[in-house]
Protein chains: 4
Amino acid sequence: MEYSDKQLQIMEAAEFLFAENGFHGTSVRDIADKANINLAMVSYYFGSKEKLLEAIFSYRGESIKLKLESILQQQGMSSLEKVYLLVDHYIDKIMNRQHFHRILAREQVLNNSGPITDLILDMKRRNLEIISRLIHEGQEKGEFRKGIDIPMMMSVMVGTASNLITSKQYYKVLSNLEALPEEQFQQYIRDTLSKHLKFLFKTILTHEV
Amino acid sequence: MEYSDKQLQIMEAAEFLFAENGFHGTSVRDIADKANINLAMVSYYFGSKEKLLEAIFSYRGESIKLKLESILQQQGMSSLEKVYLLVDHYIDKIMNRQHFHRILAREQVLNNSGPITDLILDMKRRNLEIISRLIHEGQEKGEFRKGIDIPMMMSVMVGTASNLITSKQYYKVLSNLEALPEEQFQQYIRDTLSKHLKFLFKTILTHEV
Amino acid sequence: MEYSDKQLQIMEAAEFLFAENGFHGTSVRDIADKANINLAMVSYYFGSKEKLLEAIFSYRGESIKLKLESILQQQGMSSLEKVYLLVDHYIDKIMNRQHFHRILAREQVLNNSGPITDLILDMKRRNLEIISRLIHEGQEKGEFRKGIDIPMMMSVMVGTASNLITSKQYYKVLSNLEALPEEQFQQYIRDTLSKHLKFLFKTILTHEV
Amino acid sequence: MEYSDKQLQIMEAAEFLFAENGFHGTSVRDIADKANINLAMVSYYFGSKEKLLEAIFSYRGESIKLKLESILQQQGMSSLEKVYLLVDHYIDKIMNRQHFHRILAREQVLNNSGPITDLILDMKRRNLEIISRLIHEGQEKGEFRKGIDIPMMMSVMVGTASNLITSKQYYKVLSNLEALPEEQFQQYIRDTLSKHLKFLFKTILTHEV
DNA sequence: AATGAATGAGAATTCATTCAT
DNA sequence: TATGAATGAATTCTCATTCAT
């Protein structure tokens with residue numbers, strides 16, 4: 001699915017506002033104002049507000065998928081190194097697409113069924129599959145122990161990262177980092193999160209739980 | 001603040017619906033229908049839909065606070081055992097109040113300021129303080145290593161648990177547990193989560209990151 | 001019709017609020033709050049909000065009527081002096097019952113029919129009758145000229161006085177009297193109004209229009 | 001500020017209803033019904049019911065202002081003749097815009113502050129200024145006496161005219177003019193009012209009070 | 001006599017969407 | 001392709017009144 005410039009313009013405005021105020025907390029008028037387009041364009045291009053959200057999910061989901069594929073192909077790396085790469089890649093994604101990941105965090109809370117729930121499930125399934133292959137590779141090489149609960153491991157990674165991103169305003173206060181400029185704070189989070197997740201994964205993968 | 005039966009009835013209906021469909025996704029009419037009360041009662045008792053949400057937050061937040069206080073007082077336990085107790089206590093809370101924690105997970109995503117953001121910050125601050133005391137106690141006794149990033153530790157616990165709760169529908173599918181009856185599945189999650197978090201905490205607290 | 005203390009308490013609160021914010025701009029709850037009584041008492045005592053307004057009209061109207069009767073009986077006064085007395089009496093009434101007269105001024109604007117319109121008409125009719133007798137007395141004595149438009153004369157008196165009362169906030173600003181304390185300002189208005197109306201009436205009554 | 005046909009259509013309907021039933025006594029639905037437009041159009045065009053009232057005030061206020069300016073410029077007239085012209089002009093205005101003037105009469109009773117009170121004050125200030133210039137011109141030419149209370153004079157004019165307009169239903173009854181067709185009655189009021197106000201003004205301006 | 005709780009109707013406003021151009 | 005106007009449904013909230021006690 002290709003999107004025109006105008007469509008992307010709308011999607012980006014919507015992504016920001018959905019992240020900021022929630023789906024229902026954002027009106028089509030808000031989106032039109034922010035995207036500097038006519039109110040009717042949202043229906044015109046996407047059919048409805050709901051379909052716009054779906055478009056955002058499928059667009060961002062797509063771009064996440066593509067890059068993950070290549071990690072496994074890397075040669076001359078231990079499985080643990082690949083896991084580390086994956087962690088950094090994931091952190092990168094989530095930091096660069098904070099708006100989207102905040103929407104994701106909100107929407108997955110809902111017990112809806114529908115296209116979006118399906119898209120989220122797809123996304124998770126895809127990630128699970130890639131990580132599974134990686135873990136199994138490591139297990140076969142004897143690097144990792146047996147009996148790893150991979151979905152739980154994903155929850156540790158996704159949950160911790162999400163929590164940090166979505167509650168970074170609180171984290172900043174609680175860690176007394178309010179003086180730090182925004183950019184340095186982002187870098188600080190990135191580094192700290194990376195270090196911690198790698199440590200946790202190494203532990204999970206190589207020690208008995 | 002004391003609430004009458006009627007008020008609690010409204011709050012529980014609202015809690016469920018807010019968790020299910022989000023704050024903006026839930027209308028006052030929905031709440032009135034579910035709580036089997038007259039539409040105007042919500043305004044009558046709480047002033048507004050927003051204030052109703054605040055009441056839920058302050059009510060649930062209060063009940064969380066009270067129980068946490070007692071853990072530290074336990075005698076004849078190592079600090080690590082206390083941390084384990086805290087983990088189980090936290091899992092208990094989050095499992096028993098899944099509706100509320102799903103609301104919490106949603107709302108903390110928003111960049112709002114206002115009474116609710118303040119209540120969340122308070123809640124986090126309170127938790128941080130208790131955990132901090134626990135960790136410091138362990139550090140002084142030499143049980144735990146120095147230089148622990150406590151807010152990050154909280155993010156691991158809260159994030160992982162939240163993620164598991166909010167995405168348990170996905171977890172069930174991805175772990176091929178669809179055959180398991182709901183109650184057993186809940187118990188399974190509880191146990192697995194407990195085991196993992198304890199393992200992670202032990203690692204974080206006693207090994208170098 | 002006799003009113004209990006509680007009823008008078010309600011009527012006074014309502015009178016003030018109706019004058020301040022209009023009938024529709026005042027809620028029964030506002031009245032109950034101001035009168036420090038239970039919300040249900042208004043319906044209980046008066047039947048409805050509308051009937052409360054009627055009660056105020058009939059009560060105040062009654063008290064206005066009673067005093068007017070005596071003026072005509074005065075002995076040893078010229079008709080003009082009696083008119084002067086009437087003017088001062090009217091100004092007294094309107095100044096002492098400013099709340100009520102502001103309601104009156106508002107309500108007479110409406111094209112309603114109903115008990116209140118009838119009460120206003122009664123009030124005006126009564127006033128007209130008294131003034132008419134006074135004027136005719138003066139005409140018979142040769143003090144006043146013939147062919148006086150008495151309703152118009154009343155409009156001059158009532159209109160000018162009402163306008164001054166209801167727009168005194170504007171009058172204060174426009175006359176640069178903002179420094180004057182409220183009490184002195186009231187006295188100033190009273191005196192100036194009295195002087196002017198007497199002059200106008202003397203002119204109307206004794207010169208050709 | 002320019003208004004579209006649709007906007008004027010709404011404003012006229014609202015003006016009539018506000019005059020008839022008061023601001024709070026008129027619902028947006030009433031306005032929409034009378035103006036034959038969709039209920040949402042009021043918010044769409046004016047933002048709110050309150051802003052609609054403001055629009056009416058500023059629109060009518062504007063039209064009043066413009067015409068007044070020209071009177072002073074008249075050449076070859078005595079100051080008294082100009083005052084007479086002003087009186088007739090004012091009566092014209094108030095007779096042609098009875099709806100608006102009834103709203104004005106109602107609203108100025110309220111002790112509110114806010115945009116509308118400000119607009120009324122502006123209107124009054126503007127009128128005062130023009131009349132003042134006229135009076136001072138007459139005083140300098142020796143036509144008028146010194147020490148005239150101009151705001152009081154305005155109260156006589158505005159109050160008498162307002163009272164007559166707003167209570168013309170009563171006036172009709174009290175003057176036994178019920179048989180007169182509406183149009184002739186309007187003309188009768190106009191003439192009588194003009195004659196009286198001119199007489200009163202002449203008296204006020206040339207005799208001692 | 002008095003009241004706190006409750007109610008149904010109606011208020012103003014906002015919403016996502018559609019339509020005529 | 002693009003838009004300003006328009007719409008009907010739904011929103012939250014307030015209202016005057018009534019009812020059970």
Side-chain angles (χ1 to χ4, degrees), chain A residues 4-7 10 14 23-32 35-53, chain B residues 4-7 9-10 23-32 35-53, chain C residues 4-7 10 14 23-32 36-53, chain D residues 4-7 9-10 14 23-32 35-53:
Chain A
S4 70
D5 282 0
K6 204 122 194 187
Q7 281 172 305
I10 296 172
F23 178 72
H24 288 289
T26 303
S27 75
V28 175
R29 180 162 270 112
D30 293 338
I31 298 169
N36 252 25
I37 49 110
N38 181 280
L39 179 60
M41 287 289 91
V42 170
S43 293
Y44 182 73
Y45 276 126
F46 297 94
S48 73
K49 188 181 155 191
E50 189 106 33
K51 295 239 186 73
L52 166 57
L53 179 59
Chain B
S4 70
D5 282 0
K6 202 113 195 189
Q7 281 172 305
Q9 187 183 341
I10 297 172
F23 178 74
H24 289 291
T26 303
S27 76
V28 175
R29 175 162 278 109
D30 295 338
I31 298 169
N36 250 27
I37 48 114
N38 180 283
L39 180 62
M41 286 287 93
V42 170
S43 292
Y44 180 74
Y45 277 123
F46 297 94
S48 72
K49 188 181 151 188
E50 188 109 32
K51 294 239 187 73
L52 166 57
L53 179 59
Chain C
S4 70
D5 281 1
K6 203 123 195 185
Q7 282 172 305
I10 296 172
F23 178 73
H24 289 291
T26 303
S27 74
V28 175
R29 179 161 271 110
D30 293 337
I31 298 168
N36 251 23
I37 49 110
N38 181 279
L39 178 61
M41 287 288 93
V42 171
S43 293
Y44 182 72
Y45 276 127
F46 297 93
S48 74
K49 188 181 156 191
E50 190 106 32
K51 295 238 185 73
L52 166 57
L53 179 59
Chain D
S4 71
D5 282 0
K6 202 114 195 188
Q7 281 173 304
Q9 187 182 342
I10 296 172
F23 179 73
H24 289 291
T26 303
S27 76
V28 176
R29 176 161 277 110
D30 294 337
I31 299 169
N36 250 28
I37 48 114
N38 181 282
L39 179 61
M41 286 286 94
V42 170
S43 291
Y44 181 72
Y45 276 124
F46 298 94
S48 71
K49 188 180 151 189
E50 188 110 32
K51 295 239 186 73
L52 166 56
L53 179 59

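Atoms considered below: every heavy atom in the structure, side chains included; atoms not considered: hydrogens, waters and symmetry mates. In the text below, chain A, chain B and the rest are named by the order of the sequence lines, each starting its count at 1.
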J.: In dot-bracket form, how is DNA chain E paired, counting a Watson-Crick or G-U wobble pair only if both its distances are under 3.5 Å and using | for bases paired to another strand?
T.: .||||||||||||||||||||
J.: B/Asn38 CG to E/dA9 P: how many Å, rounded?
T.: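 My rounded result for the distance is 10 Å.
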J.: CG of D/Leu52 versus P of E/dA11: gap in Å, rounded?
T.: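 Answer to the nearest Å: 16 Å.
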J.: How many angstroms lie between OH in C/Tyr44 and CD1 in C/Ile10, if you round to the nearest 0.5 Å?
T.: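 The CD1 atom of C/Ile10 is 11.0 Å from OH of C/Tyr44, to the nearest 0.5 Å.
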J.: What's the spacing between D/Gln9 CD and D/Ile31 CD1 if we round to 0.5 Å?
T.: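 The distance works out to 12.5 Å.
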J.: Remember a base hit wins even if backbone is also touched, and classify A/Ser27 as base, sugar-phosphate or nothing at under 4.0 Å, heavy atoms.
T.: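 Counting heavy atoms under 4.0 Å across all strands, the contact made by A/Ser27 is with sugar-phosphate only.
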J.: Counting only side-chain heavy atoms from C-beta out, which of E/dT14, E/dA12, E/dG8 sits nearest to D/Ser43?
T.: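 It is E/dT14.
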J.: Who are the side-chain hydrogen bond (donor to acceptor under 3.5 Å, both in side chains) partners of D/Asn38, not counting sequence neighbours?
T.: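 Expected list: none.
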J.: Just how far, in rounded Å, is P of E/dG10 from CZ of D/Arg29?
T.: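 Distance, rounded to whole Å: 9 Å.
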J.: D/Ile37 near the nucleic acid: base, sugar-phosphate alone, or nothing, with a heavy-atom cut-off under 4.0 Å?
T.: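 It contacts nothing in the nucleic acid.
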J.: Considering heavy-atom distances to DNA chain F, does B/Val28 or C/Ala40 have its closest nucleotide positioned more toward the 5' end?
T.: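 Its nearest nucleotide lies further toward 5', so the answer is B/Val28.
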J.: What is the distance, to the nearest angstrom, from the CG atom on A/Leu39 to the C1' atom on E/dC15?
T.: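 Checked: the CG to C1' distance equals 10 Å.
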J.: Is any side-chain heavy atom of A/Gln7 less than 4.5 Å from a side-chain heavy atom of A/Phe46?
T.: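 They are in side-chain contact.
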J.: Starting at NE2 of A/His24 and ending at C1' of E/dC15, how long is that distance when rounded to a whole Å?
T.: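 That distance rounds to 12 Å.
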J.: Minimum heavy-atom separation for D/Lys49 and D/Thr26, please, with both atom names.
T.: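 Closest pair (atom of D/Lys49, atom of D/Thr26, distance): NZ-O, 2.7 Å.
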J.: How long is the gap from NE2 on B/His24 to CZ on A/Phe23, to the nearest 0.5 Å?
T.: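 Answer for the NE2-CZ pair, B/His24 versus A/Phe23, is 12.0 Å.
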J.: Please name the pair of heavy atoms, one in C/Ala14 and one in C/Leu52, separated by the smallest distance, quoted to 0.1 Å.
T.: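 Result for this residue pair: CB-CD2, 3.7 Å.
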J.: Using a cut-off of 4.0 Å on non-hydrogen atoms, how would the nucleic acid contact of B/Phe46 be classed: base, sugar-phosphate, or nothing?
T.: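 Here B/Phe46 touches no strand at all.
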J.: Name the first nucleotide and the last nucleotide along DNA chain F (5' to 3') that come under 4.0 Å of a heavy atom in chain A.
T.: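 Using the under 4.0 Å cut-off, the span is F/dT1 to F/dG4.
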J.: Show the nearest heavy-atom pair for residues B/Leu39 and B/Arg29, with the distance to one decimal.
T.: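 For B/Leu39 versus B/Arg29, the nearest heavy atoms are CD2-NH2, 3.5 Å.
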J.: Compare the minimum distances between each of E/dA16, E/dG8, E/dA2 and the side chain of C/Tyr44, then state the nucleotide with the smallest one.
T.: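 Ranking E/dA16, E/dG8, E/dA2 by closest atom to the C/Tyr44 side chain puts E/dA2 first.
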J.: Let me know, please, whether B/Lys6 or D/Gly47 comes out on the 5' side of the other along DNA chain E by nearest nucleotide.
T.: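 Counting from the 5' end, the first nearest nucleotide belongs to B/Lys6.
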J.: Give one of base, sugar-phosphate or nothing for B/Ser4, where a contact means two heavy atoms less than 4.0 Å apart.
T.: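 Contact class for B/Ser4: none.
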J.: What verdict does the side chain to side chain contact (heavy atoms under 4.5 Å, CB included) test give for C/Ile37 and C/Val42, after you've listed the backbone C-alpha separation in whole Å, the side-chain angles of each residue and the deciding distance to 0.1 Å?
T.: CA-CA 9 Å; C/Ile37 49 110; C/Val42 171; 4.2 Å; yes
